[in-house]
There are 2 protein chains.
Amino acid sequence: MAEQHRRPTLMDVAAAAGVSRALVSIVMRGAPGASESTRQKVLEAAEQLGYRPDSRARLLRSSRTKLLGVSFSISHPFHAELVDAAYGGAESRGYDIALSAVTSGRSEASGVQSLLDLGCEALILISPTLKEDELTGYARRVPVVSLLRDDVGQAVDSVSSDDHAGIRLAVEHLAALGHQKIVHVDGGTAVSAAPRRAEFNREMERRGLEPRVIPGGPYEEDGLRACELLRAECPTAVVAFNDRTALGVMEGLRAAGLRVPADVSVVGYDDSQFARLSYVQLTSVSQDAPLLAEAAVDVAVGRLEGEQPPSHVIRTPHLVVRTTTAPAATNP
Amino acid sequence: MAEQHRRPTLMDVAAAAGVSRALVSIVMRGAPGASESTRQKVLEAAEQLGYRPDSRARLLRSSRTKLLGVSFSISHPFHAELVDAAYGGAESRGYDIALSAVTSGRSEASGVQSLLDLGCEALILISPTLKEDELTGYARRVPVVSLLRDDVGQAVDSVSSDDHAGIRLAVEHLAALGHQKIVHVDGGTAVSAAPRRAEFNREMERRGLEPRVIPGGPYEEDGLRACELLRAECPTAVVAFNDRTALGVMEGLRAAGLRVPADVSVVGYDDSQFARLSYVQLTSVSQDAPLLAEAAVDVAVGRLEGEQPPSHVIRTPHLVVRTTTAPAATNP
DNA sequence: TGGGGTGACTAGAACGATCTAGATTCCCCA
DNA sequence: TGGGGAATCTAGATCGTTCTAGTCACCCCA
């Protein structure tokens with residue numbers, strides 16, 4: 001139906017309230033310089049007309065747009081949790097968020113470009129796959145915060161979780177349960193797969209255990225596929241690249257007649273929705289999405305408002321122990 | 001670092017190319033009225049300066065924003081597929097998409113409001129939970145298309161999948177396999193739970209079978225919980241509200257020592273990523289996300305460009321048979 | 001030669017807000 | 001009485017575009 005009722009402008013409100021445009025502007029953004037009585041009068045008139053400020057015009061004029069651009073991968077549930085938390089963080093700081101999804105058919109670069117066109121003052125890129133020099137290029141225009149990835153060069157801020165510590169927690173937990181034959185199903189070429197793999201090797205060697213790594217990937221299918229190789233290793237415990245990988249691994253183990261955790265313990269990474277499902281109850285390394293997302297918002301806002309924040313924030317993850325890990329069988 | 005290099009404007013390009021602002025504008029949007037030679041010259045200058053039109057200003061001036069607002073629920077993977085497809089559809093029609101996620105902490109109404117503030121010309125709401133009169137209210141301002149929900153009143157267009165047909169397909173498939181004790185684990189209060197439930201009852205009765213419905217919900221946990229009641233019914237087949245519900249049901253059956261599909265067949269709904277996982281291989285009713293999303297974009301664009309499109313598009317889903325359904329056991 | 005037409009280009013007014021600088025009112029106190 | 005100063009309000013420029021209504025140069029043909 002959409003009757004093309006032109007939406008009311010400052011002018012309309014001003015006319016209705018019998019004051020000037022500028023004064024209405026002052027009232028609308030809560031700036032000082034209006035008496036309480038006219039403030040009421042103006043607000044009433046605005047309410048009456050159903051006035052809403054046109055953010056395009058507003059943002060055009062004041063170089064401040066109060067818009068944060070967030071790009072995320074739509075197929076990744078953990079990103080969803082981060083986005084969720086980012087909304088909250090931004091709101092409490094008086095910013096709004098523009099979203100851009102990276103999908104199979106839509107590259108990160110084009111998403112970032114449209115965020116910029118929309119007038120975002122800063123970018124928060126979740127697990128960006130752009131190359132370092134591309135990121136640096138964007139950082140010349142606006143503050144850029146990389147979330148969940150830290151090898152992004154000096155020009156780009158980053159907020160990430162300490163992958164080394166996370167993997168150490170996982171290995172430590174399993175070792176404390178008496179496991180010795182621990183295998184890592186890695187993330188293949190995914191972001192942060194490399195550091196996790198490296199730290200796994202390091203930590204295992206530090207403990208005098210033989211590090212075994214099997215190529216995997218970030219999805220269930222990858223974990224499942226890895227099980228073919230995994231079985232040859234006869235491990236008593238598996239550290240998976242992330243929760244989805246872990247789910248795939250568990251499925252593969254189950255198909256092979258192995259019980260979790262009686263025969264094999266499994267640790268995931270992300271502590272995502274999946275890990276928390278009542279029938280999964282996956283022991284997992286939690287990166288604490290809300291804290292990470294809020295930290296990213298803080299860094300971005302900090303840059304914008306002039307304080308020079310630390311360039312690279314690294315948070316320490318913690319382990320959430322559920323039911324997929326148990327002491328190693330006494331007779332291996 | 002973000003050196004605050006003011007971004008170049010039409011003026012800058014005009015100065016660099018030695019022409020007027022207006023001419024640059026003409027060239028940039030490919031309008032007629034510029035000679036080939038100056039066109040080249042201008043494009044070169046723009047390229048040189050790294051000029052990108054400021055969409056805020058552009059959109060402020062021309063009432064057309066070419067922006068479609070899409071709201072979706074971030075926790076719902078099927079929505080992700082729709083968003084993905086919507087991006088493609090919009091792009092091919094020369095529109096851009098602004099996203100708004102509905103999360104636990106962010107209501108649909110506030111999301112819609114910010115889409116409107118951003119200047120979206122039309123809204124595509126995926127499974128909106130707003131009340132009919134609220135929707136109608138928005139529809140007075142811009143064209144609104146409800147995706148996946150069709151009881152939205154006359155003022156709002158809708159694109160949905162024929163839930164009745166979908167449920168019929170599922171029941172028909174199971175009946176053809178010889179199943180008689182078929183139970184529906186419903187979606188509780190979720191959008192489209194009611195029509196699916198009703199059609200299940202109708203279709204079962206039409207076939208002279210006794211319709212059994214067990215309260216469920218849209219998530220794995222709901223399906224799992226439903227299994228407690230389900231076992232009392234001893235069904236040979238289950239039609240679940242959606243794929244996630246089906247996953248929960250299958251998990252519950254497995255925990256009870258029942259095999260799928262040998263003991264119980266299970267049909268899901270949505271044909272989502274989950275259904276396609278190699279170790280799930282869930283038989284599911286496919287609503288065909290790309291088609292639905294593109295239809296929604298078509299309707300929205302149609303409204304905007306003046307053609308009066310059909311108000312309510314309903315697409316017929318189809319069944320994707322995988323490995324979770326099998327003939328009913330010969331000895332029940 | 002000169003009038004009409006066309007193609008290439010430009011000046012200046014929008015769009016709807018913000019912001020600066022100045023005007024007006026009112027109060028208080030010397 | 002009158003002037004300083006705070007509080008309140010307004011006019012007008014401005015942001016970076018698009019768009020309308022021109023201007024200007026050039027060509028063609030009567």
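Just so we're on the same page: letters track the sequence lines, and every chain starts at 1. All values below were derived from every heavy atom in this structure, side-chain atoms included, with hydrogens, water molecules and symmetry-related copies excluded.
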Salt bridge present between [X] and [Y] (N-O < 4.0 angstrom):
{"X": "B:Arg303", "Y": "B:Asp157", "result": "yes"}
{"X": "B:Asp133", "Y": "B:Lys131", "result": "no"}
{"X": "B:Arg149", "Y": "B:Asp151", "result": "yes"}

Can you measure [X] atom [atom1] to [N] atom [atom2] for me and round it to whole angstrom units?
{"X": "B:Met28", "N": "D:dT18", "atom1": "CE", "atom2": "P", "result": "9 Å"}
{"X": "A:Arg61", "N": "D:dG12", "atom1": "CZ", "atom2": "C1'", "result": "11 Å"}
{"X": "B:Ile26", "N": "C:dC9", "atom1": "CD1", "atom2": "C1'", "result": "8 Å"}
{"X": "A:Leu23", "N": "D:dA7", "atom1": "CG", "atom2": "P", "result": "16 Å"}
{"X": "B:Gln40", "N": "C:dA8", "atom1": "CD", "atom2": "P", "result": "14 Å"}
{"X": "A:Leu49", "N": "C:dG16", "atom1": "CG", "atom2": "P", "result": "14 Å"}
{"X": "A:Arg7", "N": "C:dA17", "atom1": "CZ", "atom2": "C1'", "result": "11 Å"}
{"X": "A:Arg56", "N": "D:dT18", "atom1": "CZ", "atom2": "C1'", "result": "13 Å"}

**Item:** Side-chain (A:Asp270) to main-chain (A:Ser272) donor-acceptor, under 3.5 angstrom
**Value:**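 Judged by distance alone, no pair lies under 3.5 Å.
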Out of [options], which nucleotide sits closest to the side chain of [X]?
{"X": "A:Ser20", "options": "D:dT10, C:dC9, C:dT10", "answer": "D:dT10"}
{"X": "B:Leu10", "options": "D:dT10, D:dT18, D:dG16", "answer": "D:dT18"}
{"X": "A:Val19", "options": "C:dC9, D:dT10, C:dC19", "answer": "D:dT10"}

Please determine if a side-chain N or O atom of [X] lies less than 4.0 Å away from the OP1 or OP2 oxygen of [N].
{"X": "A:Ser35", "N": "D:dA7", "answer": "no"}
{"X": "B:Arg58", "N": "D:dT18", "answer": "yes"}
{"X": "B:Ser25", "N": "D:dT18", "answer": "yes"}

**Request:** Would you mind telling me which residue lines up with the more 5' stretch of DNA chain D, B:Leu60 or B:Arg29, judged by nearest nucleotide?
**Result:**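 It is B:Leu60 whose nearest nucleotide is closer to the 5' end.
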**Asked** Base, sugar-phosphate, or nothing: which does B:Arg21 touch, judged by heavy atoms less than 4.0 Å apart?
**Response**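 Since a base atom lies under 4.0 Å of B:Arg21, the category is base.
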**Request:** Classify the nucleic acid contact of A:Ala22 as base, sugar-phosphate or nothing, counting any heavy atom under 4.0 Å across all strands shown.
**Result:**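 Base contact - A:Ala22 has a heavy atom under 4.0 Å of at least one base atom.
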**Item:** Nearest-nucleotide 5' precedence on DNA chain C, A:Asp54 against B:Thr38
**Value:**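 This one resolves to B:Thr38.
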**Message:** Assess, by modelled atom type and distance only, whether the side chains of A:Asp84 and B:Ser104 contain a donor and an acceptor separated by less than 3.5 Å.
**Reply:**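 The criterion, which ignores hydrogens and geometry beyond distance, is satisfied for B:Ser104 and A:Asp84.
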